[in-house]
Amino acid sequence: RSTKRTLRIRHSGPLKERIALYVLLELGLVRDYAEKRTLINPVMPGVPQGKVLMFTDIFPFMESPPDPMNIEPPLPVAMELRLIVYDVLDVETIEEIPPEKPDSDTLHDLLIRGQFAGDPEAQVSEIHPRAVNGEGAFNWRFLFNFGYAYLDRKRCIPGEIEDQMLDPILTISVVDGDPSCAPEPYAFLHLNMTFLPRGMTREDWTYMEMIPGYVEPPPPPPPTEPVEEDEEEEEEPSRPPKITYLNLFKKKKSQGWWPMYKKIDGFLYKTGKIKMEIEVMTKPQAEKRPAGYGRSAPNENPEIDEPIRVSTEMPEIDAKVKTVKFMWKSPNKPKLILAGILQLIGLVSFSIVYNLPTLLVSYLISYIG
């Protein structure tokens with residue numbers, strides 16, 4: 001009986017409170033328990049004037065109290081966010097242009113604009129001139145420096161009176177190089193670094209359901225005139241993987257394809273796709289792995305190559321040049337070179353075997369004669 005009574009006194013209290021206390025102790029957040037009291041003022045009875053959070057430590061007389069606990073809030077950590085934009089596809093510009101008949105008056109110059117929450121100005125990439133049908137290649141690195149409060153999961157902007165806390169949201173937009181042609185961006189993408197949808201490995205898997213809080217817009221009204229349906233059966237697209245979300249400050253890096261959109265009448269409509277790489281690191285880590293803005297020195301971690309672009313002056317030749325450049329920069333370049341050598345040897349061997357009977361007959365005739 002005495003043992004049961006001792007255990008009952010030692011572990012007294014409601015079960016939920018004991019579990020909460022155990023979790024707090026295991027996480028190292030408080031010594032024993034956090035007490036909350038309401039502030040009151042006799043001038044305004046019944047109206048709370050705020051709350052005070054207190055730490056209550058209880059120690060037995062036979063034991064010496066432990067060292068005092070530092071309850072100061074942690075300082076924001078200096079971070080660097082690196083964004084590399086590689087390509088954009090299917091950006092809905094003002095007018096779509098057939099690639100076989102480009103018109104210099106209707107081609108669009110595209111550029112990427114990136115802005116992190118709290119930055120006064122946005123960063124811009126170089127211009128992709130004369131982009132056709134919303135396809136652009138950039139290979140451009142953006143660098144954003146900020147302070148991050150891990151407990152609040154927000155960006156901290158120091159102030160004279162009070163620090164400003166903002167959600168770490170990165171905004172990427174595709175705009176026209178000539179603001180007079182299209183003052184509004186063609187496509188947006190807002191990404192919260194603490195709840196980031198994981199990038200897809202294929203561009204045809206970029207569904208709008210990746211965007212948190214996406215609501216499907218209502219379907220368009222049916223056409224008044226009957227539309228002739230094609231008899232050919234469309235192939236079902238491959239099923240994408242499950243959409244998952246991550247905290248970039250824990251995962252540190254993510255890359256792939258994301259959808260871009262535009263808000264029309266309160267709904268989000270898909271207006272493009274973007275391939276990029278996002279990485280976050282502390283300031284000391286960034287100093288150990290330096291990287292330059294854009295493609296400037298030091299162009300490393302990772303190294304960014306010049307984008308392969310097709311100028312529409314001579315599309316037939318440019319398409320072949322683009323293919324050759326892509327094959328030359330491909331990691332399978334040794335295999336391609338070996339295949340070319342084997343093909344050349346095969347052509348020479350076939351030519352010798354094909355012409356060998358004719359050469360033998362002519363040699364015998366000349367020898368007999």
Side-chain angles (χ1 to χ4, degrees), residues 83-114 124-140 142 170-178 181-191 196-212 214-217 219-220 230 232 234-241 243 254-265 267-278 307-312 315 318-319 322-323 326:
L83 168 67
I84 303 177
V85 177
Y86 293 103
D87 304 296
V88 293
L89 292 178
D90 302 335
V91 176
E92 295 185 4
T93 55
I94 296 177
E95 180 182 357
E96 291 191 356
I97 308 155
E100 64 272 4
K101 294 181 180 180
D103 186 0
S104 59
D105 296 333
T106 54
L107 295 178
H108 301 282
D109 299 338
L110 299 181
L111 62 89
I112 303 295
R113 182 185 297 166
V124 295
S125 68
E126 65 178 4
I127 295 177
H128 182 149
R130 303 169 63 82
V132 179
N133 291 341
E135 297 185 6
F138 295 94
N139 292 6
W140 194 264
F142 297 87
L170 176 64
T171 302
I172 305 107
S173 56
V174 181
V175 299
D176 200 297
D178 185 5
C181 180
E184 295 294 328
Y186 293 127
F188 287 94
L189 179 59
H190 302 279
L191 296 174
L196 177 70
R198 192 184 299 271
M200 294 295 178
T201 56
R202 291 172 48 176
E203 53 92 11
D204 56 341
W205 286 347
T206 53
Y207 293 102
M208 286 298 295
E209 285 74 12
M210 296 173 59
I211 307 302
Y214 168 73
V215 178
E216 187 176 358
D230 297 335
E232 297 180 359
E234 296 183 358
E235 296 182 359
E236 294 184 0
S238 57
R239 193 172 183 179
I243 298 174
S254 181
Q255 59 183 357
W257 289 90
W258 282 266
M260 303 193 76
Y261 48 84
K262 196 171 184 179
K263 195 171 186 179
I264 303 174
D265 297 333
F267 293 95
L268 301 180
Y269 292 86
K270 185 177 178 181
T271 56
K273 309 167 188 176
I274 186 169
K275 181 183 180 181
M276 55 188 183
E277 177 181 325
I278 311 173
I308 302 174
R309 296 171 179 168
V310 178
S311 63
T312 55
D318 289 334
K322 180 180 179 180
T323 303
F326 177 79

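Model, not experiment: these values are computed from the prediction.
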Worksheet item: Are the side chain of Ser125 and the backbone N or O of Ile112 linked by a donor-acceptor pair below 3.5 Å?
Response: yes
Worksheet, complete the sentence: Leu111 and Gly177 have their tightest heavy-atom pair at CD2-CA, 3.9 Å
Discussion item. So, taking the atom named CZ in Phe142 and the one named CD1 in Ile84, what distance separates them when rounded to the nearest 0.5 Å?
Written reply: 11.0 Å
Worksheet entry | Check: Lys275 main-chain N/O paired with Asp87 side-chain donor or acceptor under 3.5 Å | no
Worksheet item: Are Pro259 and Tyr207 side-chain neighbours, meaning at least one heavy-atom pair lies under 4.5 Å?
Response: no
Worksheet item: If you measure from CG on Leu89 to CE on Met260, what distance do you get to the nearest 0.5 Å?
Response: 11.5 Å
Worksheet entry | Pairwise distance CD1(Ile274) to OG(Ser173) - rounded to 0.5 angstrom | 9.0 Å
Worksheet item: Hey, does Leu110 have a side-chain heavy atom less than 4.5 Å from the side chain of Thr93?
Response: yes
Worksheet item: Met208 and Leu268: which non-hydrogen atoms are nearest, and at how many Å?
Response: CE-CB, 3.9 Å
Discussion item. Quiz question: by atom type and distance under 3.5 Å, do the side chains of Glu277 and Tyr86 form a donor-acceptor pair?
Written reply: yes
Worksheet item: Taking it one step at a time, do Thr271 and Tyr186 satisfy side chain to side chain contact (heavy atoms under 4.5 Å, CB included)?
Response: CA-CA 7 Å; Thr271 56; Tyr186 293 127; 6.0 Å; no
Worksheet item: NZ/Lys270 to CD/Glu92 distance, rounded to the nearest 0.5 angstrom?
Response: 10.0 Å
Practice prompt. Begin from the C-alpha positions of Tyr269 and Lys262 and carry the test side chain to side chain contact (heavy atoms under 4.5 Å, CB included) through to its verdict.
Written response: CA-CA 5 Å; Tyr269 292 86; Lys262 196 171 184 179; 5.7 Å; no
Worksheet item: Does the pair Arg113 and Ile172 meet the rule for a side chain to side chain contact (heavy atoms under 4.5 Å, CB included), with working shown?
Response: CA-CA 6 Å; Arg113 182 185 297 166; Ile172 305 107; over 6 Å; no
Item to complete: Supply the atom-to-atom distance Ile278 CD1 to Leu191 CG, rounded to the nearest 0.5 angstrom.
Response: 5.0 Å
Fill in: Evaluation steps, side chain to side chain contact (heavy atoms under 4.5 Å, CB included), between Val215 and Phe267
CA-CA 7 Å; Val215 178; Phe267 293 95; 4.3 Å; yes
Fill in: Least distance between heavy atoms, Thr206 atom then Trp257 atom
CG2-CB, 3.4 Å
Worksheet item: Between His128 and Phe138, how do the two ring planes meet: parallel, tilted or perpendicular, split at 30° and 60°?
Response: perpendicular
Worksheet item: Are Asp90 and Lys273 ion-paired here, with the side-chain N under 4.0 Å from a carboxylate O?
Response: yes
Worksheet item: Would you say the side chain of Met210 lies within less than 4.5 Å of the side chain of Met200, judging by non-hydrogen atoms?
Response: yes
Worksheet item: What orientation do His190 and Phe188 show, parallel under 30°, tilted 30 to 60°, or perpendicular over 60°?
Response: parallel
Worksheet item: Got a second to check how far Asn139's CG is from Ile308's CD1, nearest 0.5 Å?
Response: 8.5 Å
Practice prompt. Would you check if Leu196 and Leu170 make a side-chain contact, meaning some heavy-atom pair closer than 4.5 Å?
Written response: no
